[in-house]
Amino acid sequence: MGRKLDPSRKEKRGPGRKARKQRGAEVELARFLPPVKEQVSPQKEKHAVKAAGQAARGRSGFSDSNSKWLAPAKAKKIQSKGNHVELSSDGEVEESNWEMEEEDGSSEEEMVDDYGASSSEEEELLPIEKAALKQKSDSEEEEEEEEEEEEEEASESTSKQKMGQEEENPDLQLNLDIDEQFKLPTNEEPPDLHVIHQRIKGNLEVLQDFVVKREEGRTRQEYLAVLRRDMAAYYSYSDFLLTKLMDIFPLPELINFLEANEVPRPVTIRTNTLKTRRRDLAQALINRGVNLDPLGKWSKTGLVIYDSSVPIGATPEYLAGHYMLQGASSLLPVMALAPQENERILDMCCAPGGKTSYIAQLMKNTGMILANDSNAERLRSVVGNLHRLGVTNAVVSNCDGRQFPKVLGGFDRVLLDAPCSGTGVISKDPAVKTNKDEKDILRCAHLQKELILSAIDSVNAASETGGYIVYCTCSIMVEENEWVVDYALKKRNVRLVATGLDFGKEGFTRFKDRRFHPSLKSTRRFYPHTHNMDGFFIAKFKKFSNAIPQAQKEAATPSAVPDTVVEPPPKKKKLEGSKADKEQKLPQPALKKKRSLQSQRRPLKA
Amino acid sequence: MRPLTEAETRAVFEKLGKYIGENIQLLVDRPDGTYCFRLHRDRVYYLSEKLLKLAASVPRDSLVAPGTCFGKFTKSQKFRLSVTALDFLAPYAKYKVWVKPGSEQAFLYGNHVLKSGLGRITENTAQYQGVVVYSMADVPLGFGVAAKSTQECRKVDPLAIVVFHQADVGEYVRNEDTLT
């Protein structure tokens with residue numbers, strides 16, 4: 001192929017497109033925007049057009065529906081008055097949701113085409129440069145504002161704030177005059193984050209000591225409403241989630257929880273005792289330049305990494321399978337499960353394989369583990385991890401957990417780390433703050449209920465060493481935790497036993513208008529702000545009979561009220577010893593009656 | 001999942017024999033039970049007979065990995081050993097190569113071992129002999145094929161390749177997707 005271009009023959013070319021001084025975006029934009037037609041009503045469209053095509057309008061008159069009250073420039077007028085005003089409006093238009101009604105309030109003097117006006121004066125900055133300058137200062141403000149929900153009050157106050165602050169930029173006279181004067185009704189202070197934070201603190205103080213510190217005539221509800229709005233704005237939560245959290249936590253704890261979610265939890269690793277010892281591993285990693293410490297008294301294999309000069313996920317020790325990167329809270333369900341050697345274990349939702357490999361290492365590669373997950377993509381990491389860590393007693397499968405007893409049953413123990421809404425791991429995934437709502441939580445809860453029934457049915461109650469199911473989630477919502485556990489207690493022949501974890505907060509036995517079985521005290525909740533690990537919930541069941549109870553209505557017996565029968569919850573629950581056995585034997589005969597009483601109660605309560 | 005045919009078994013054992021010699025018997029008859037090889041979707045898996053029973057009851061479409069994958073058969077029926085077999089090869093390896101700490105990373109990235117990175121090598125390694133590569137701390141890093149016999153290794157210049165790379169543990173991170 002010959003070269004078509006002959007470099008020795010240069011064509012004469014005139015000044016390029018960009019060679020001349022730009023007359024402003026009006027000329028450029030005129031090529032792209034539809035000419036002069038009246039824009040269709042949707043507000044956003046108008047705004048977008050306005051924001052982009054201000055200059056395109058030119059001096060002949062405005063083309064959109066504002067032409068009634070918006071007349072082209074009186075250049076002189078603008079220079080003096082319009083500066084700060086225009087700037088404020090400009091800022092507001094950048095955020096596209098501003099209400100249209102305020103434009104009617106715009107006064108005459110602001111109706112000017114800035115590009116037209118300013119291009120007449122040479123010493124002014126080019127309009128596009130001004131726009132850039134303005135954009136910069138706006139984007140800084142926008143960043144702050146993006147953190148807050150765009151509520152009307154917030155927006156109003158922005159305009160007020162900007163009006164005040166922009167006087168120091170007299171050079172920036174921009175455009176967007178139409179939306180300048182947003183006179184939104186304001187009785188709110190500006191949404192400065194610092195101010196909001198102060199307000200939250202003040203509000204909390206009042207609520208702590210309400211009787212003394214309250215303002216006359218204001219109800220507690222009003223204070224709570226303001227607090228909720230402020231916290232949603234400051235921490236970027238959706239209102240729904242924040243309401244749920246306010247139900248679970250008392251107020252000072254709630255602030256701690258929210259703060260803890262902003263910060264990531266420390267990186268932790270688990271030693272693979274199939275290949276090395278914690279001591280040796282710690283030594284090897286320290287030699288590589290890692291700063292670490294044992295995780296705590298409760299774990300013999302965990303190490304917490306403070307900082308490291310090498311990537312922890314790529315050291316030769318990691319590649320040789322000496323350790324696994326795993327959150328501290330993920331060690332707990334396996335410790336609760338306590339798998340013994342030569343057992344058959346099912347891990348229903350195993351990806352990415354951390355808990356499965358821990359089970360294998362506790363069993364010392366004896367027995368059998370069926371590692372199942374319904375997501376084929378994530379199973380790749382399970383296979384990779386199991387091979388890397390040298391687990392030989394595992395079979396990996398890709399079934400839906402709900403099929404379980406049909407596919408294979410008769411296991412000694414089952415671990416169900418159910419898929420959940422992830423409200424306990426907000427620090428890992430901040431999107432959860434806003435994208436969860438009622439439907440999501442209920443959908444998760446439904447799936448979890450189905451899974452837990454399958455899990456229970458897959459266990460052989462008659463197994464000599466086993467018969468245990470551990471249900472855990474990384475969520476703190478009561479709908480996904482206690483409710484599911486209570487459901488399982490009602491539907492199957494299982495009972496709750498002590499998890500063997502002596503720290504952690506006990507699960508709720510009652511929550512708002514629900515009453516759960518009293519044995520829920522043996523479940524455990526972990527929070528990021530109290531334990532410095534991801535939010536978690538763990539419950540351990542023992543199956544005492546393989547029969548599946550049919551849904552039955554039993555006659556309500558006026559036996560002793562269940563709640564008073566339960567002994568005061570011991571603060572520490574040790575491993576299943578005689579004490580635990582005793583407390584299980586006691587409530588057991590009364591279980592059936594309790595359950596029926598409860599099931600009878602509910603319809604009445606409704 | 002099915003047992004291997006004669007031809008396949010021969011191919012696998014031949015390949016394994018390159019690295020561990022006659023110790024293959026030790027792989028099959030272990031003190032904690034008999035182990036066997038099974039073929040599932042062109043991959044060869046190594047599992048104990050107890051696990052076999054469990055794996056057999058899982059529906060074939062849902063079965064992802066019974067036991068440990070040793071390698072796979074390519075489209076032209078050649079057997080390719082993968083790094084996941086390292087744990088089993090390493091204890092029985094007949095010919096070993098130790099790599100200096102500085103060149104560990106290079107090997108883990110998939111490069112061949114140069115003379116400058118060679119720490120130790122077993123005596124009497126023939127050329128093109130299968131070897132298992134270790135770090136100086138006796139941690140198995142992967143396996144390969146000796147490019148030069150031990151005698152030649154002493155004479156050759158520092159930038160010459162002494163071990164051809166075949167598989168290394170870095171693949172757990174680099175090729176996580178293709179392990180299965």
Side-chain angles (χ1 to χ4, degrees), chain A residues 274-276 280 283-284 287-288 310-311 313-322 342 344-346 350 352-353 364-374 376-400 403 406-411, chain B residues 1 30 32-33 35 38 40 43 45-48 50-70 82-88 90 99 101 104-105 107-109 134-142 168-180:
Chain A
L274 293 172
K275 291 198 174 182
T276 184
D280 301 335
Q283 193 54 51
N287 288 341
R288 290 206 184 268
V310 291
T315 61
E317 283 77 29
Y318 176 81
L319 295 173
H322 288 189
N342 291 307
R344 281 167 58 131
I345 313 260
L346 167 64
C350 62
K364 302 202 179 63
N365 259 337
T366 59
M368 289 179 276
I369 304 179
L370 181 56
N372 177 65
D373 199 272
S374 57
E377 285 297 312
R378 300 188 72 206
L379 274 176
R380 282 198 252 253
S381 55
V382 177
V383 172
N385 280 324
L386 291 179
H387 278 108
R388 185 175 58 83
L389 295 163
V391 171
T392 51
N393 62 344
V395 173
V396 182
S397 72
N398 177 16
C399 310
D400 185 337
Q403 294 168 2
K406 218 163 34 126
V407 165
L408 205 54
F411 290 96
Chain B
M1 188 167 71
R30 279 169 46 161
D32 54 341
Y35 280 66
R38 285 292 179 268
H40 176 64
R43 290 193 139 94
Y45 291 93
Y46 173 76
L47 62 166
S48 76
K50 285 192 311 264
L51 208 56
L52 188 59
K53 274 194 296 194
L54 181 68
S57 23
V58 173
R60 198 181 308 162
D61 297 331
S62 320
L63 185 63
V64 171
T68 317
C69 173
F70 258 38
S82 88
V83 70
T84 45
L86 186 62
D87 287 338
F88 297 96
V99 164
E104 251 174 47
Q105 279 297 108
F107 183 68
L108 291 179
Y109 276 116
Y134 291 80
S135 79
M136 287 318 268
D138 274 332
V139 172
L141 294 178
D168 66 276
V169 278
E171 284 172 19
Y172 282 119
V173 165
R174 292 196 321 264
N175 299 341
E176 201 182 23
D177 294 339
T178 53
L179 285 177
T180 284

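No experiment lies behind these values; they were computed from the predicted model shown.
- Contacts with chain B were tallied for A:R344, A:R380, A:H322; A:R380 has the most, counting heavy-atom pairs under 4.5 Å.
- Note that the CG atom of A:N385 and the CD atom of B:E176 stand 6.5 Å from one another [nearest 0.5 Å].
- Distance check, rounded to the nearest 0.5 Å: OG of A:S397 to CG of B:D61 gives 12.0 Å.
- Taking 4.5 Å as the limit, some side-chain heavy atom of A:K275 sits within range of a side-chain heavy atom of B:D87.
- Of the inter-residue distances, the one linking B:D32 atom CG with A:N393 atom CG reads 10.5 Å to the nearest 0.5 angstrom.
- Neither the backbone nor the side chain of B:E171 comes within less than 4.5 Å of any heavy atom of chain A.
- For B:L63, the parts lying near chain A are the backbone and the side chain together; criterion is any non-hydrogen pair under 4.5 Å.
- B:T84 is linked by a side-chain contact (heavy atoms from CB on, under 4.5 Å) to A:H387, B:C69, B:S82, B:Y172, B:L179, counting only residues two or more places apart in sequence or in another chain.
- Atom CG of B:L86 and atom CZ of A:R388 lie 13.5 Å apart (nearest 0.5 Å).
- The contact between B:F88 and chain A is made entirely by side chain atoms (from C-beta outward), counting heavy-atom distances below 4.5 Å.
- Of all the listed residues (A:G390, A:G313, A:P316), the one sharing the greatest number of non-hydrogen pairs under 4.5 Å with chain B is A:P316.
- The parts of A:V407 that come within reach of chain B are both its backbone and its side chain, each placing non-hydrogen atoms under 4.5 angstrom from that chain.
- The contact list for residues 364-372 of chain A toward chain B, using heavy atoms and a distance under 4.5 Å, reads A:M368, A:I369, A:L370 by residue number.
- Taking CZ from B:R174 and CG from A:L319, the interatomic distance works out to 9.0 Å, rounded to the nearest 0.5 Å.
- Neither the backbone nor the side chain of B:S48 comes within less than 4.5 Å of any heavy atom of chain A.
- Counting heavy-atom pairs under 4.5 Å between each of A:V395, A:V391, A:L408, A:L379 and chain B puts A:V395 at the top.
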